[in-house]
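A quick write-up on the structure given underneath.
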Protein chains: 2
Amino acid sequence: MTQTPPSPGKQMLSEQVYEHLRNAIMRGDYAPGDALKPQDLAKEQGVSLAIVREALVRVVGEGLADRLPNRGFAVPAFSDRRWQEIAEARRSIEPVVLRLSIERGDVDWEARVRAAHHRLARTPAYVPEEGEHYSSAWSEAHRLFHRTLLEGCGNPVLLETFDRLWTASELARRWSAQRNPGRDTIAEHRRLEEAALARDADTAAEVLAHHLTLTATGLTGRIGGAPAGEA
Amino acid sequence: MTQTPPSPGKQMLSEQVYEHLRNAIMRGDYAPGDALKPQDLAKEQGVSLAIVREALVRVVGEGLADRLPNRGFAVPAFSDRRWQEIAEARRSIEPVVLRLSIERGDVDWEARVRAAHHRLARTPAYVPEEGEHYSSAWSEAHRLFHRTLLEGCGNPVLLETFDRLWTASELARRWSAQRNPGRDTIAEHRRLEEAALARDADTAAEVLAHHLTLTATGLTGRIGGAPAGEA
DNA sequence: ATCGGATAGATAATCGATTATTAGTGCTAT
DNA sequence: ATAGCACTAATAATCGATTATCTATCCGAT
């Protein structure tokens, strides 16, 4: 019985192109404000316009690109204001979900949290090859740790909300990326894990809110091309 | 000097088709599970497949349709469980946003809340023409009231989150909603308005949470009563 | 009679080409 | 010189047709 071989080679084209585009934007291959020209992309990927267009529309739906009617698609230029808004949204929402998660998570969830934290702690945040940005392995481990923490809530709608915010957050960070030198991210994550597994919802929610506040305030200055004349 | 005539006739085709499709699904023109066949839609709308496809992809992104690879698109069949999940997500998120809104809303916001409530209170919830469903005018007024309440927060990211949840919620309700006869929605909305304008965040948040709980469970009274059938 | 494979029809996915808009460029008239 | 208008090159939006995949039906072997 040969079922679902993990070969990625046999998938819808539009899906592949979509994923490629998504990764490219998240990876920072295009600068904020850059035009995403369907024709160029089609040629690069060796597919037709319709496919690229479909992928672009999906990407726009995820907030990873802007659409300017009759003027094509472009990588969004996040202003500092926008970054703060995303961060505030996360600060508002994630602690609430974490409380639910702590209240409901079962033993399997506990195990997954431990595993995710272990992986995160063991993954180097920076590697020489990837310049000054977080390594992609660490980014993924980081995402999975935070997501796993929330997964105990058992509510896919809330988790999808988290996913959207995370994506927006990561893209904004990619382009602002000055590191926050004095910060001890490792300790923050450890405290988060401990509080969650101790079922101490108050502490966990507070630590998470604090964690997100640090993340937000550490990133200042303009990101994209937009005028950021904000307070 | 003819400037921006409100003629909707001069827009991108894909946008028109997208809106039409969105409205049709929300209005309940298609039953849950119904296939959304690109060819049929294209013929109906008098446009090409690419356009319909683009619109469908957007609709899928909004959660208003499912995509089954190589098997086309379909109206999602919301289970009762799914409905509960959406309701819980709203219960978790909206009160937090409401608190922010009450904390920050200015006089203009207060005025808009009053206006929205007035319009809602004066719009009949049912009209004979639209069967047993809420009238479309009331639905829109209802949405605007709830949204306006939250708009004081001034955070577009949070508001967009609300929009997504509201859309999902409305669609799910369209198909799962047993009406709730004994319920006094009007009073609930009035209490919500009053608490918000009195800047009583605790009460407002509680009333909103209760409001959403009633919507979800179909319970007709009883604030502290048993939470939904979930364990 | 039933299970399985072959076949035909329907529909999804993709492509290549056409039309419509936009952004430049240069020319002309003040 | 410069504002404004044609003209052109680039590219976005749309279309009509082609290819790939699924679904259902029919037929033959057990």
Side-chain angles (χ1 to χ4, degrees), chain A residues 1-22 24-25 30-31 33-61 64-77 225, chain B residues 1-5 7-22 24-25 29-61 64-77:
Chain A
M1 34 182 73
T2 53
Q3 80 296 38
T4 32
S7 71
K10 199 63 189 80
Q11 207 171 57
M12 268 193 328
L13 264 184
S14 64
E15 181 72 16
Q16 296 176 230
V17 172
Y18 160 73
E19 282 174 15
H20 173 87
L21 195 51
R22 189 182 193 290
I25 293 174
Y30 306 100
D34 274 9
L36 297 167
K37 305 190 185 179
Q39 295 204 342
D40 296 354
L41 293 169
K43 198 153 291 183
E44 284 173 32
Q45 303 287 315
V47 297
S48 77
L49 280 180
I51 301 305
V52 173
R53 206 143 235 287
E54 217 174 282
L56 281 167
V57 167
R58 284 179 70 181
V59 166
V60 168
L64 294 181
D66 291 337
R67 181 168 195 179
L68 319 158
N70 281 328
R71 230 176 283 181
F73 304 83
V75 177
Chain B
M1 33 185 73
T2 51
Q3 81 296 33
T4 31
S7 71
K10 199 63 188 81
Q11 205 172 58
M12 268 194 327
L13 265 183
S14 64
E15 180 73 16
Q16 295 175 229
V17 173
Y18 161 73
E19 282 174 15
H20 173 87
L21 195 51
R22 189 183 194 288
I25 294 173
D29 288 0
Y30 307 99
D34 273 9
L36 297 167
K37 304 189 185 179
Q39 299 209 73
D40 296 355
L41 294 169
K43 199 153 290 181
E44 284 174 31
Q45 304 288 315
V47 297
S48 76
L49 280 180
I51 300 304
V52 173
R53 206 142 237 285
E54 218 174 279
L56 280 168
V57 167
R58 283 180 69 180
V59 166
V60 168
L64 293 180
D66 291 338
R67 180 167 195 178
L68 320 157
N70 281 328
R71 233 178 281 180
F73 305 83
V75 177

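Naming: A, B, ... by sequence-line order, numbering from 1 per chain. Worth knowing before you read on, the calculation uses all heavy atoms, side chains too, and leaves out hydrogens, waters and symmetry mates.
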### Message
I want to confirm an ordering. Mapping Asp40(B) and Leu13(A) to their closest nucleotides on DNA chain C, which one lands closer to the 5' end?
### Response
Asp40(B)
### Ala50(A) or Asn70(A), whichever maps to the more 5' nucleotide of DNA chain C
Ala50(A)
As an exercise, state the distance from [atom1] of [X] to [atom2] of [Y], rounded to the nearest 0.5 Å.
| X | Y | atom1 | atom2 | value |
| --- | --- | --- | --- | --- |
| Glu15(B) | Arg22(B) | CD | CZ | 10.5 Å |
| Ser14(B) | Arg53(A) | OG | CZ | 7.0 Å |
| Asp29(B) | Leu21(B) | CG | CG | 10.0 Å |

Expressed in angstrom and rounded to an integer, what is the separation of [X] atom [atom1] from [N] atom [atom2]?
| X | N | atom1 | atom2 | value |
| --- | --- | --- | --- | --- |
| Asp66(A) | dA12(D) | CG | P | 15 Å |
| Arg67(A) | dA12(D) | CZ | P | 11 Å |
| Leu36(A) | dA13(D) | CG | P | 12 Å |
| Leu49(A) | dA13(C) | CG | C1' | 15 Å |
| Gln39(A) | dA17(C) | CD | P | 13 Å |
| Lys37(B) | dA12(C) | NZ | P | 7 Å |
| Gln11(B) | dT21(C) | CD | C1' | 15 Å |
| Leu68(B) | dA13(C) | CG | P | 9 Å |

### Message
Over all strands shown, is Arg53(B) touching base, sugar-phosphate only, or nothing at heavy-atom distances under 4.0 angstrom?
### Response
base
### Summary
Considering only heavy side-chain atoms of Ile51(A), the closest of dT14(C), dT14(D), dA23(C) is dT14(C)
### Message
Less than 4.5 Å apart, side chain to side chain, heavy atoms only: is that true for Gln16(B) and Leu13(B)?
### Response
yes
### Query
Does Ser14(A) place a side-chain N or O at less than 4.0 Å from the phosphate oxygens OP1/OP2 of dT14(C)?
yes
